Amino acid sequence: MTTQLAKEATVSMTQDANKPKGNAPKPAKVNLRDFSMLIALVLISAVFAVMDPAFLSSRNLSQLAIELSATAVLSLGMLLIIVPGHIDLSVGSGLGLVGGLAAVLITGKGLSAPLALIVSALVSVCIYAGMGAIIVKEKIPSFIITLGGLLVFKGVHWLVINNSTIPVVTGGDQNVYSILTTYYLPPALGYVLAAVIVAALGFAAFNNVKKRKARKLEADSEGAFLSWFLSAQLLVLFVIVLNQYRGLPLSLIVLGATAFVIHVLSQHFRFGRYLYAIGGNEEAALVSGVPTDKVVVLAYAVMGVIVAVSGFLQTAFAGASTTTTGALMELDAIAACVIGGTSLKGGRGTVVGVLFGALIMCVLLNGMTLLALSPEMKFIARGVVLALAVWMDVRLSRSTARA
Amino acid sequence: MASPEGQKPVLEARGLVKRFGQVLALRGVDFDLRPAEVHALCGENGAGKSTLIKTLSGIWAHGTYEGEILMGGQVQRFAAIADSERAGMSVIHQELALVPEMSVAENIFLGHEPTRFGVVDHDRMLTETDQLLSRWGIDVSASACVADLGIGQRQLVEIAKALRKDSKVLILDEPSAALTDKEVAVLLTIVKELRSRGVSSVYISHRLEEVFELSDRITVLRDGQTVITLDTKNTDRAQVIAHMVGREIDNLFPRRRSEPGQCLLSVKGLNVAERGSEKIRLHDISLELHQGEVLGIGGLMGAGRSELLMHMFGIWGDRKTGTVELEKAPLATSPAACIEQGLVLVTEDRKRFGLVLEQTVGFNLSLSAIDEFSPRGYVDRDQEVKRNAEYVNSMRIKASSQETIAGTLSGGNQQKIVLGKALMTKPKVVLLDEPTRGIDVGAKYEIYELINELTSQGVAVLLVSSELPELIGMSDRILMLADGHIGGSFTGSEITQEALLAAAMRPSSGPRPEPA
């Protein structure tokens, strides 16, 4: 099997990209919408790269990767909330609170770092599952409950850290908490990991095509190969660049693991099916026997884990919990989902899309910071990009629906 | 092509071809509508009726189809529905386009509100709406909120909305599907009166009685093509059906009775109020349902038939007294638990309760039975795809693949998905609420055969239907509901249309006979 894959690979690579393949006279189905996010990302990056070559430096890209982690992890959790047609405005303050709680438990109460992280994560899961339960049992719109959460959690966060700055570790030490954003994988290990992921992705893509054929479903082996080939190249290139600085940041690996889990959960588990069913037609889902309330509460519980993880990343990145940790991050997460093609009405959205959305938001912020733009300009630019992205998506989906 | 009267047709289609990707939805349709004519359009689901209507009315813009559309001899190039409306065409679609939160008057005047000093003139709107409704004999209050109306009344409001525009051509797509007999009578009167005033109508309906009562000519579509255009007075039902299906159907209701077995479902003394209210809607309902039996439930609209089924399934009403037992165990009160126990409901409103339209055929088919393929939460796709394929075949769902989006299929095929989804859970009791509403003769027949197959395997079926012939043809016993009470119970030779109707219209006060 693997030899066959390798053969397929060499055949495709040796062939001229412009020449149509002999065996499959299929018309190219290039859908502009599928690539619109990639195009937007490349365009934005190109502009920054031209304005400041340092944008593409391994140091800056490494920085970008760490910045991306917290936002992207949070956006992936938001996906699970938006797909069933809900929303969570509280996650920005929530992650500030959970990150702050962990910092206080370590530096204030003297708990060991791993224990502090576990305790705060559990607290987070309880808070979010509780919020989910209120939303479904009392039938209060999630917008309202989580807006309340936004304010309450912010207040509690400030109480917990007593309006001061609580470092994640005392003195110049290191602990599990602090290394989240300071540890880098040794280059050799980074290459091994990249190779494993590329092989795994290739196997998954190949296996998927094979299985689809066995199930007599339409299978696009060329498309699957191409997207694997492209992502493998990007991945390897990225690892090479990062290794020139300090290596793969640990936080990026946390993000990768989260993306994998959320993808499998949403696409291969019953839970994921139920999320899309609820978002697509809640009444039909209920009548079909979907335990809609339980599923939504579970989605919020998962969001609790996500809030904890991104809270730890974000707080560790700053080195300490402050009153502004996590501020406005809920909006970045929602924006990332929407840019990534997630429908706010529910029923539509993918992990890959959300990752692209988060990447666009973070590249934008990183690039503008690099160019030393004022905070005012940064807010305006991010808002404009969000509106533009959604407008473009609406336009393109309209034109594809008509065709 | 001029009509015998020497007049140009008011609306004409010549050689219409419409493609969706690789699929040919229309493959050459010729159609003409004469002045002051009611022209019925018949065909199975998926025959291309809805596509034809959408093409004629400009929903599919000029340039996306081949062939010509003419009005009064002039070639038309509609870019949008607004263009066809301007040319004097009004379409009443299967899917209603009313705003539920607004009043009847506001809906009728939506986008054309009369104003006084720049402010919407509510008084004028209400008076004009009242006049419009009473002129056409539509029994709905102009100030009523659309959300409070039944689906039949909404349909009449939709028609009134089209009437306000003084159209020359009215296209009615399945207008009677959701109407009660009384409402259908109002509708037919309206269309006839419009004809006498020179308005032409294209009338699409699966109910051939209406087609024969109303139409001057009948055009039959099959597989996206015009099969034949017939003069109504020179043809009969059998001929039309034969043209529609391309084969003869000799027995419309192929019920094969099987010997009823032990009692599966037992309902005793059920009194149910609407959720959050004290008003009892179902009074003293008792019934028994045995293995292999079809128990029909009839009644007029609003008699509480759907409510009874929905209550048993745990999605409607607060139970005040009474019990529901499945195999001597109390029946659960949530859909998920009911399905687990072996009882499923196929609802009447498939768009609202039936399908996740934006998802695939396979996603919908396996939604209820997915526990089976995901013992530890992880979905076994191999098993799922195999089971879906079995049901796509056995239910004869016409889709190019199980990955086709459910919302793109015709009504009959969507209904088969809803049924397939319910049956995949291997139920012991199936509650069917209007399972053949708005679907064509061929698909109806397939659903009847399916009911036979289920009962022969010992499944019990509770069948709610508004069509008396269907109820009589397919049920072993019949229970009539009248205003939330049991109006009568019938078996064997007691079952006649007259007896059933009399029981359905029994006054709602006074003592009621207990069911046998």
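The chains referred to below are lettered A, B, ... by the order of the sequence lines, with proteins before strands, and numbering in each begins at 1. As the structure is a computational prediction, the values presented were derived from the model and not from experiment.
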Best-contacting candidate, B:Leu355, B:Val344, B:Asp349, against chain A by heavy atom pairs under 4.5 angstrom: B:Leu355
Whether A:Tyr276 side chain and A:Gly349 backbone form a donor-acceptor pair below 3.5 Å: yes
From A:Met78 atom CE to A:Ile306 atom CD1, the distance as rounded to the nearest 0.5 Å: 11.0 Å
Most contacts with chain B, counted as non-hydrogen pairs under 4.5 angstrom, among A:Arg212, A:Glu282, A:Lys211, A:Lys216: A:Arg212
Point-to-point distance, once rounded to the nearest 0.5 Å, from CD of B:Gln359 to CG of A:Asn281: 11.0 Å
Portion of B:Asn364 that has a non-hydrogen atom of chain A nearer than 4.5 angstrom: neither
Pairs of heavy atoms under 4.5 Å with chain B: top-ranked of A:Gly280, A:Ala214, A:Pro291: A:Gly280
Neighbour count >12 (heavy atoms, 6.0 Å) for atom CZ, B:Arg376: no
Donor-acceptor under 3.5 Å (B:Asp318 side chain, B:Gly276 main chain): yes
Chain A contact via B:Thr347 - side chain, backbone, both or neither, heavy atoms under 4.5 Å: side chain
Test item: A:Ser124 side-chain N/O and A:Val305 main-chain N/O as donor-acceptor pair under 3.5 Å: no
Per-residue contact mode, B:Tyr378 against chain A (heavy atom under 4.5 angstrom): both
Student check: side-chain heavy atoms of B:Leu345 and B:Met312 closer than 4.5 Å: no
Which atoms of A:Leu217 approach chain B - backbone, side chain, both or neither, heavy atom under 4.5 Å: side chain
Side-chain donor or acceptor of B:Lys416 paired with backbone N/O of B:Arg396 under 3.5 Å: yes
Nearest-0.5 Å distance, CE of residue B:Met310 to CD of residue B:Glu348: 8.5 Å
Option in A:Gly289, A:Ser288, A:Gly347 with maximal non-hydrogen atom pairs under 4.5 Å from chain B: A:Ser288
Interatomic spacing from CG in A:Asn208 to CH2 in A:Trp228 - rounded to 0.5 Å: 14.5 Å
Contact residues of residues 126-143 of chain A (partner chain B; heavy-atom separation under 4.5 angstrom): none
Nearest-0.5 Å distance that lies between atom CD in B:Gln415 and atom OG in B:Ser410: 11.0 Å
Neighbourhood of chain A inside residues 422-436 of chain B, taking heavy atoms under 4.5 Å as contact: none
Flag if over 12 foreign heavy atoms under 6.0 Å of CD, B:Glu340: no
SB check A:Arg273 B:Glu384 (cutoff 4.0 Å): yes
